[in-house]
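Report on the following structure.
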Amino acid sequence: MTEAADAHAPATLPKTYDPAATEARWQGAWEAAGAFRADPGAPGEPFSVVIPPPNVTGSLHMGHGFEAALIDTIVRFQRLQGRNVLCLPGTDHASIAVQTILEKQIRAEGGHKDDLGRDAFLERAWSWKAQSEGTIKGQMRRLGYSVDWSRERFTLDPDLSAAVVEAFVRLHEQGLIYRGEYLVNWCPASGSAVSDLEVEMKELEGQLWHFRYPLSDGAAGGIDHLVVATTRPETMLGDTGVAVHPTDPRYAALVGRTITLPLVGRAIPIVADEHVDPAFGTGCVKVTPAHDPNDFAIGARHGLPLITVMAKDGTMNEAAGRFAGLDRFEARKAVVAAMEAEGLLVKVEPHRHSVPYSDRGKVPVEPLLSTQWFVKTEPLAARCRDALERGEPRFVPERWARVYRDWLTDIRDWCISRQLWWGHRIPAWFVVSETDGVITETTPYVVARGEAEARARAEERFGAAAAAAGRALQLEQDPDVLDTWFSSGLWPFSTLGWPDETSADLATWYPTSTLVTGFDIIFFWVARMTMMAGAFLQEGEVPLGGRDTWIPFRDVMIHGLVRDENNRKMSKSAGNGIDPLPLIERYGADALRFALVREVAGAGQDIRLDYHRASGASSTVEAARNFANKLFNATRFALMNLGGETPASLGLPPLAELESEDRWLLSRLARTSAQAAELYAGYRLGEAAKLLYEFAWNDLCDQYIEWSKPRLAAEDPADRRVARGVLAYSLEALLRMLHPLMPHLTEELWHGLTGSSADTFLALQRWPQPEAAWVDAEHESAFQFGIDAVRAIRNLRALSGVKPAEKLSVGIHTATAARQAFVAANREKIARLVGAANLHWEPEPTAGQLLGIVDSDAQVGLTVPLQSLEALRSRLEKDLARAEKEIAGLAGRLANPNFAGKAPAEVVAECRENLAEAEAQAELARRRLKELG
């Protein structure tokens, strides 16, 4: 399917554009024909995108719609460039999110997940997945996503699950996965550990409680107590020390002594640690190693014990003494009351501070000691930092590379275990026969690819001892699942067949070409994909498979957010989200896609979507729908004026036969084609959309069709054929260039224009190749003068008030020889366009003309009937009087100190703007009156 379309007869188009029918027709046709099914053996340079998999948590939102529009624009452009394109779709199982949804449903039914049991719960989860995934796939199809559905993936698919197990086993064998007790972020709502990146910091108005802690052995140096401050009084029950700065002279004599912990009676030491800021508060810090990450570090440095006083459901445990069983927030009130009753509450201050919230559970997280699985991230991050120094991957915009680098530089080990049922179960088996049949902190384990391999490994290590002791070897798989981002980190290569290095897809399309994603998951996802790739797609420092890099994507295009009509970030909590489907149903998917992409001012910038919530209307999307109508009507006009021929049958006439507007349009087309290709390739998609909009609306529709209209139906067959050939060629090229942005509409119009068979698709054609020699800057400048002159004359006619059908004497006045030559060559065309009885040109205007300015070098003039001039003079005088009256009033207000100094700033600014506008109107009226004489 080459650039030259088949020479079939053109089809007919209906009178009006029906987006719903058009889009459904071509979505079905593309999919039925397997138009986007990728073939690793096909010709063309490989280009691949694995789409960011949406979570199976319901349906897509406007952010997904925006991302889909960007990705599909990119991949459709690459197909037009002749690349061998793979666009691979899929969805993510979203462990915490889906389990939270299902547990809420079960509770609403009066039950609990534990009542169901793991197997029944997972059956319910798979049913939910099928329902949600079906909804998401339907929405993706509605958007016109040109993906290869035959390669669709789900993160819990058997082959992807096998890849997850393989990755875990290899990382464990490399010493990069370990199991240990560490302080983790615990979400009491979901009953699971969450990573640092799943924690959202919220600024809240809280309180700072100051407590008196008495010295155990009485006063020393006049001090018999220390004062500490805390925002979480309930954690004091787990204090095992108080820290002061080593150089703080106030407490130097107290280091090494003990205080008696109130309410508990435990003696805890006073330690010196440089973490303490002596200038903050009293310079004394309570140390609770089991409930605060900074305290954990202090405790480790000083050998302080770790006492956990809170259970995983957010209630206080037995170590909390009389407060056991209370909810953590109830315990907070009770502890404060008890301290006050004992006279140990010094003061309470209001305190605004950051509180960590679980992004999924929507409750404050608790730092808790827990035995979990971790990935050692620094060795993996080091490889990624080295690659970034080589420019891999390339970030667009470049500024996001710094954010990526900073995250890789300041990194903690990654907690990858989650106390959930929905997800990839951790491939570790505990040898519970060694610990009386239960999993304890000391139960040995083996990591394996399956139960049979686990049993063989356990038999090798523990079989002989178990047999000697008369015990049967008993294994139990770890009940926890992996962090969702662990499997997502493998997405760019597990979806292509890894760990099978012989996979044709992996050999052809890895590394992928472009990742399109939001800035908010650079940490969650982008960095984890590069770290995982570094672990598995290279050996030593050499990429596997003869590739030039192991990095999973060459380019990372970071996009911004879609903001609402008030320029606010959309969120469920704010209730200001915009559902893309009603907008698609109202305006069409192409209109929504074009509107979203056209709004992008630059790569990575947020966009604002105008939306009227009461009516469901959007002026932004409506404008794009109007553009679609313009294209549709222009194509219908062309079909009615091409005499039953197509671009292929008409061909393109020789340059020598072209008239002025033909040369101008082909020059503009050649320039636009080159610029649009550069913009698309550089991910400047919004600029490409604006460029093509201007070419289509202004150059082709408003100018060329208007200038060439008589020639399309001319009696001279040669002249007629030239105009038809240029129109057909240019319109067909425009449809190709617009196809990435508006795929359904352009496919429909292209088939109508070319008469191509139903199994031949515009989506699989090639980018237009106008000849570079067509670009003629000098002629474009001359023709633009003609456009501007026509506009100026039409404005003068409107100003003069003469009837549209009245023919006037028109003059175009310029001293530039090239412009005079252009007017002379196009005299009849310009006269027709402006309704002139006669058209003349000379360097200077003649007396009695109504004048208008084209630019600094040219004017236009109308010879207007006297009665029209008098009516115009009267109207201008009234306009001037009205403007001067407004100027006087506004200037008076601004001169009044009571107004200028006391009125709101925005009111004063508006007044100044109105004054400037009135002065401009007055000046225009004076100039017009002067021109009238």
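If you're wondering where the values come from, they're calculated on a predicted model, not measured in any experiment. FYI, the numbering just counts along the sequence from 1.
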message: Before we go on, tell me: are the rings of W422 and W126 under 6.0 Å apart, centre to centre?
response: yes
message: Side chains of T100 and S190: any donor to acceptor distance under 3.5 Å?
response: no
message: Quick one about D239 and T288 (side-chain donor to acceptor, distance below 3.5 Å, no hydrogens or angles considered), yes or no?
response: yes
- request: Give the intermediate values and the outcome of side chain to side chain contact (heavy atoms under 4.5 Å, CB included) for residues L204 and R352.
  value: CA-CA 6 Å; L204 299 178; R352 184 172 180 82; over 6 Å; no
field: Atom CD of E378: over 12 foreign heavy atoms under 6.0 Å
entry: yes
query: Among all residues two or more places apart in sequence or in another chain, which pass the ring-ring contact (aromatic ring centres under 6.0 Å, His included) test with W373?
result: F168, Y445
query: In terms of heavy-atom contacts, does CG of D115 have more than 12 from other residues, nucleotides or ligands at under 6.0 Å?
result: yes
query: How many angstroms lie between atom CG of N55 and atom OG of S132, to the nearest 0.5 angstrom?
result: 8.5 Å
message: Any heavy-atom pair between the side chains of L171 and M532 that's under 4.5 Å?
response: yes
- request: Answer yes or no: are there more than 12 heavy-atom neighbours, outside K333 itself, under 6.0 Å from its atom NZ?
  value: no
message: With rounding to the nearest 0.5 angstrom, report the CZ to OG1 distance, F329 to T315.
response: 12.0 Å
Residue pair V446 / R461, side-chain heavy-atom distance below 4.5 Å: yes
field: Pairing residues for F519 by the ring-ring contact (aromatic ring centres under 6.0 Å, His included) criterion, not counting sequence neighbours
entry: W400
statement: For V365 and S358, the nearest pair of non-hydrogen atoms, with its separation, is CG1-N, 3.4 Å
task: Taking only Lys NZ, Arg NE, NH1 and NH2, and the carboxylate oxygens of Asp or Glu, determine whether E459 and R455 approach each other closer than 4.0 Å.
output: no
- request: Report yes if the side chains of I298 and P289 come closer than 4.5 Å at any heavy-atom pair, otherwise no.
  value: no
- prompt: S417 and I426: which non-hydrogen atoms are nearest, and at how many Å?
  reply: CB-CD1, 3.6 Å
field: All salt bridge (charged side-chain N to carboxylate O under 4.0 Å, His left out) counterparts of D295, not counting sequence neighbours
entry: none
field: Shortest non-hydrogen separation from F462 to P444 and the atoms involved
entry: CZ-CB, 3.5 Å
query: Just wondering, are more than 12 heavy atoms of other shown residues or ligands nearer than 6.0 Å to CD in E460?
result: no
- prompt: In Å and rounded to the nearest 0.5 Å, what is the OH to CD distance from Y357 to E200?
  reply: 9.5 Å
field: Pairing residues for E441 by the side-chain hydrogen bond (donor to acceptor under 3.5 Å, both in side chains) criterion, not counting sequence neighbours
entry: T371
field: Qualifying residues under salt bridge (charged side-chain N to carboxylate O under 4.0 Å, His left out), relative to D606, sequence neighbours excluded
entry: R563
field: Closest contact, heavy atoms only, A324 versus N317
entry: CB-O, 3.2 Å
- request: Salt-bridge test for E173 and R457: reply yes if a basic N is under 4.0 Å from a carboxylate O, no otherwise.
  value: yes
Residues K312 and S192: side-chain donor-acceptor under 3.5 angstrom: no
message: A side-chain contact here means heavy atoms from C-beta on lying under 4.5 Å apart; do L226 and L254 qualify?
response: yes
- line: Heavy-atom closest pair (A535 atom, L380 atom, distance to 0.1 Å) is CB-CD2, 3.8 Å
message: Quick test of your reading of the model: are R124 and E109 salt-bridged, counting only N-O distances below 4.0 Å?
response: yes
statement: The reported gap from CG in L475 to CH2 in W429 (rounded to nearest 0.5 angstrom) is 9.0 Å
message: Does any part of the side chain of M310, heavy atoms only, come nearer than 4.5 Å to the side chain of L368, both counted from C-beta?
response: yes
query: Got a salt bridge between K347 and E349, using NZ or NE/NH1/NH2 to carboxylate O under 4.0 Å?
result: yes
- prompt: Taking only residues two or more places apart in sequence, or in another chain, which ones meet Y213 in a ring-ring contact (aromatic ring centres under 6.0 Å, His included)?
  reply: none
- prompt: Are R418 and I96 side-chain neighbours, meaning at least one heavy-atom pair lies under 4.5 Å?
  reply: yes
- prompt: Can D217 and R257 be counted as an ion pair, charged N to O under 4.0 angstrom?
  reply: yes
message: Quiz question: by atom type and distance under 3.5 Å, do the side chains of S488 and D92 form a donor-acceptor pair?
response: yes
- prompt: Under the side-chain hydrogen bond (donor to acceptor under 3.5 Å, both in side chains) test, which residues partner H93, sequence neighbours left out?
  reply: S95, T155
message: Which residues pass the side-chain hydrogen bond (donor to acceptor under 3.5 Å, both in side chains) test with S370, not counting sequence neighbours?
response: Q372
message: I'd like to know if R332 and E234 make a salt bridge, using a cut-off of under 4.0 Å between side-chain N and carboxylate O.
response: yes
- request: Step by step, work out the side chain to side chain contact (heavy atoms under 4.5 Å, CB included) result for I259 and H225.
  value: CA-CA 8 Å; I259 62 107; H225 68 273; over 6 Å; no
message: Suppose the criterion is side-chain hydrogen bond (donor to acceptor under 3.5 Å, both in side chains): which pairs have a residue in residues 241-251, not counting sequence neighbours?
response: H245-T247, D248-R250
- request: Check whether any side-chain heavy atom of L237 lies under 4.5 Å from a side-chain heavy atom of V335, and answer yes or no.
  value: yes
query: Got a sec, which residues hit ring-ring contact (aromatic ring centres under 6.0 Å, His included) with F211, two or more places apart in sequence or on another chain?
result: none
- line: Between A466 and E434 the two heavy atoms that sit nearest each other are CB-OE2, 4.4 Å
task: Output, in order, the C-alpha distance, side-chain angles, deciding distance and verdict of side chain to side chain contact (heavy atoms under 4.5 Å, CB included) for D478 and F430.
output: CA-CA 7 Å; D478 193 322; F430 291 97; 3.6 Å; yes
For residues 270-281, which side-chain donor-acceptor pairs fall under 3.5 Å, sequence neighbours excluded?
from : atom 1 : to   : atom 2 : distance (Å)
D273 : OD1    : H275 : N      : 2.9
D273 : OD1    : R301 : NH2    : 3.0
D273 : OD2    : R301 : NE     : 2.9
D273 : OD2    : R301 : NH2    : 3.4
D273 : OD2    : H302 : NE2    : 2.8
D277 : OD1    : A279 : N      : 3.0

- prompt: Do R322 and L263 come close enough that some side-chain heavy atom pair is under 4.5 Å?
  reply: yes
task: Answer yes or no: does atom CG of D119 have more than 12 heavy-atom neighbours from other residues, nucleotides or ligands under 6.0 Å?
output: no
- prompt: Are F296 and Y182 near enough that their ring centres are under 6.0 Å apart?
  reply: yes
message: Looking at D413 and K376, is there a salt bridge between them, counting it only when a charged N and a carboxylate O are closer than 4.0 Å?
response: no
Distance under 6.0 Å and angle within 45° of ring axis: R528 vs W414: yes
task: Begin from the C-alpha positions of T230 and K286 and carry the test side chain to side chain contact (heavy atoms under 4.5 Å, CB included) through to its verdict.
output: CA-CA 8 Å; T230 180; K286 61 186 284 297; 3.7 Å; yes
- prompt: How would you list, by chain and number, every residue that makes a side-chain hydrogen bond (donor to acceptor under 3.5 Å, both in side chains) with R232, sequence neighbours excluded?
  reply: E366
